[in-house]
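A quick write-up on the structure given underneath.
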Amino acid sequence: MSGSIIPITMPKFGLAMTEGSVVGWLAAPGDTITAGQDLAEIETTKITNVYESPASGVLRRQLSPEGEMRAVGALIGILADPTVSDSEIDQFIAGFEAEEGNDEEKAQSIPASGDRMLTLGALTLRIQESGLTAGDHLPILLIHGFAGSLENWMLIQPALAEHTRVIAVDLPGHGGSSKRVDDGATDTLALPLVELMNALSLEKAHVVGHSLGGAIALQLSALAPDRVASLTLVAPAGLGETLNGSFIEGILTADRRKTLEPILSLLVHDKGLISRQMVEEMIRFKRLDHALDCLRTIAAASFDGDRQKISLLPIMTTFPGPVSVFWGEEDEILPMLNAESLPDRAALTLFSGCGHMPQLEKPRELAEHIVRTVLS
């Protein structure tokens with residue numbers, strides 16, 4: 001061949017993703033593309049996200065029409081040197097699609113994800129495990145925030161799993177876990193995580209928590225300080241008083257797509273990331289038996305209007321391990337001014353053009369930071 005040909009394939013956003021569709025191409029055939037440049041918007045049943053080009057080159061073909069579902073790994077485009085002829089590209093596509101068919105047959109027996117249910121006394125927790133079962137690094141435990149689920153980590157868990165064992169969990173009252181939260185306090189929600197670590201034989205782990213999950217991560221470090229190797233807190237609750245109470249109220253009261261979508265849009269700076277599927281999934285969750293009661297109990301324990309009722313700075317101050325904090329500069333729920341009270345020992349990283357969920361808006365950057373600061 002006269003030059004290199006690089007296949008652009010349907011990416012895998014999360015362990016459970018099996019297919020997606022191109023919502024819109026962000027480059028046209030003939031455009032010169034650089035590695036990391038936004039190439040297309042990809043929609044799955046869970047999320048809409050921008051796909052960054054894996055390499056540099058000229059976009060020679062767009063092979064996936066907008067709106068057409070394609071399996072993960074399917075060919076959706078071609079990057080190639082200008083010296084590559086159209087006939088060479090045609091030959092490459094034919095060979096790729098033939099090999100792709102063989103791969104699909106081989107993959108039929110491979111499970112799509114590591115989801116499983118774990119019963120711990122009166123509670124059952126849904127977890128998702130991935131990554132290396134043995135290696136040089138301690139495992140990572142991922143804790144989502146208020147009204148979230150383990151899917152909140154879907155864009156960074158695969159990247160972390162390339163380095164170590166990773167466990168994401170649905171907190172009590174959330175996702176597929178038991179809809180029981182007792183008084184809903186952060187220390188109460190942290191207790192089952194100690195039991196989870198026991199059940200999974202996690203003697204020690206790096207703990208990553210988002211929003212209310214950050215507060216729960218701090219409580220976990222207080223309950224079992226010898227089990228927490230480091231704390232990575234993403235837009236954490238419990239470090240200041242300021243809160244956008246309209247978000248909490250909206251989560252509890254909005255019950256239709258028209259009213260819930262603007263509430264969920266507060267989570268991100270790029271409002272286009274909130275897909276119709278995400279909104280409908282939240283509505284379905286809230287209709288589960290006792291799910292809304294659990295959210296009300298948790299909210300009452302930690303929030304009061306525009307004020308946070310919990311202050312966990314003393315825990316951070318006394319925690320002996322490394323502490324990293326990540327915050328989006330455009331956070332509309334727990335604004336960045338909450339970071340002003342951080343002790344000097346906490347390493348703070350800010351993401352520009354990012355709201356309350358860096359793991360959704362800046363997944364590559366956040367994963368790289370975690371790998372560099374926690375696993376190095």
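Keep in mind that this is a model prediction, so the values were computed, not measured.
A salt bridge is defined here as a Lys NZ or Arg NE, NH1 or NH2 lying under 4.0 Å from an Asp or Glu carboxylate O, and R372 with E368 fails to meet this definition. Using a 4.0 Å cut-off between a side-chain N of Lys or Arg and a carboxylate O of Asp or Glu, K271 and E361 do not qualify as a salt bridge. For the pair E19 and R70, the salt-bridge criterion is not met [side-chain N within less than 4.0 Å of a carboxylate O]. Salt-bridge annotation for E43 and R276: absent, with no side-chain N of the basic residue lying under 4.0 Å from a carboxylate O of the acidic one.
Between P192 and P172 there is a side-chain heavy-atom pair separated by less than 4.5 Å. Between T317 and I315 the shortest side-chain heavy-atom distance does not fall below 4.5 Å. At a threshold of 4.5 Å between non-hydrogen side-chain atoms, the residues N152 and L360 do not count as touching. C354 is not listed as a side-chain neighbour of H269, based on a closest heavy-atom distance of 4.5 Å or more. Residues T253 and I263 form no side-chain contact, since every pair of their non-hydrogen atoms from C-beta on lies 4.5 Å or further apart. You'll find the side chain of L200 reaches within 4.5 Å of the side chain of I127, heavy atoms only. A 4.5 Å side-chain heavy-atom check between E41 and L26 finds at least one atom pair inside the cut-off. Side-chain contact between L342 and M316 is present, with heavy atoms from C-beta onward closer than 4.5 Å.
Across all their heavy atoms, S56 and I6 have their closest contact at O-CD1, 3.7 Å. Nearest heavy atom pair, residue L59 against residue A27, reads CD2-O, 3.8 Å. Nearest heavy atom pair, residue S211 against residue H356, reads OG-NE2, 2.9 Å. V207 approaches A217 most closely through the heavy-atom pair CG1-CB, 3.6 Å.
Partners of D255 by salt bridge (Lys or Arg N to Asp or Glu O under 4.0 Å), not counting sequence neighbours: none found. In this structure R60 satisfies the side-chain hydrogen bond (donor to acceptor under 3.5 Å, both in side chains) test together with D86, sequence neighbours excluded. For E261, the salt bridge (Lys or Arg N to Asp or Glu O under 4.0 Å) partners at least two apart in sequence or on another chain are R257. Scanning for side-chain hydrogen bond (donor to acceptor under 3.5 Å, both in side chains) contacts around S201 gives an empty result, with sequence neighbours left out. Partners of H369 under the ring-ring contact (aromatic ring centres under 6.0 Å, His included) rule, at least two apart in sequence or in another chain, are F326, F351. Contacts of D38 classified as salt bridge (Lys or Arg N to Asp or Glu O under 4.0 Å), with partners at least two apart in sequence or in another chain: none. Here E195 pairs with nothing under the salt bridge (Lys or Arg N to Asp or Glu O under 4.0 Å) rule; sequence neighbours left out. Residues that satisfy the side-chain hydrogen bond (donor to acceptor under 3.5 Å, both in side chains) test with E162, not counting sequence neighbours, are absent from this structure. Residues that satisfy the side-chain hydrogen bond (donor to acceptor under 3.5 Å, both in side chains) test with H210, not counting sequence neighbours, are Q359.
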Return all side-chain donor-acceptor pairs below 3.5 angstrom for residues 226-236, not counting sequence neighbours, or 'none' if the list is empty.
| unit_1 | atom_1 | unit_2 | atom_2 | d |
| --- | --- | --- | --- | --- |
| R227 | NE | L202 | O | 3.4 |
| R227 | NE | E203 | O | 2.9 |
| R227 | NH1 | N198 | OD1 | 3.0 |
| R227 | NH2 | N198 | OD1 | 3.0 |
| R227 | NH2 | L202 | O | 2.8 |
| S230 | OG | H206 | ND1 | 2.7 |

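With I76 as the fixed residue, the side chain to side chain contact (heavy atoms under 4.5 Å, CB included) test singles out one of I8, T9, L39: I8.
The closest side-chain donor-acceptor pair between D183 and T188 falls under 3.5 angstrom. Residues T124 and T119 have side chains that bring a donor and an acceptor to within less than 3.5 angstrom of each other. Between the side chains of Q128 and D115, a donor-acceptor pair is found at a separation under 3.5 Å. Counted by atom type alone, T186 and Q219 present one or more donor-acceptor pairs between their side chains at under 3.5 Å.
Remark: L337 CG to E340 CD distance equals 5.5 Å, nearest 0.5 Å. To the nearest 0.5 Å, the span separating CD1 on I370 from CG on L375 amounts to 8.5 Å. Taken to the nearest 0.5 Å, the CG atom of N49 stands 8.5 Å off from the CE atom of M154. Expressed to the nearest 0.5 Å, how far CD1 of I5 lies from OG of S85 amounts to 7.5 Å. A distance of 12.0 Å separates CG of N338 from CD1 of I333, quoted to the nearest 0.5 Å. Remark: I167 CD1 to W153 CH2 distance equals 13.5 Å, nearest 0.5 Å.
Residues V169 and F146 are members of one and the same hydrophobic cluster, defined by side-chain heavy-atom contacts under 4.5 angstrom among Ile, Leu, Val, Met, Phe, Trp and Tyr.
Residue pairs that meet the ring pair (Phe, Tyr, Trp, His ring centres under 6.0 Å) test with at least one member in residues 164-205, sequence neighbours left out, are H144-H174. Among residues at least two apart or in separate chains, side chain to side chain donor-acceptor pair (under 3.5 Å) pairs with a member in residues 237-251 are N244-S246.
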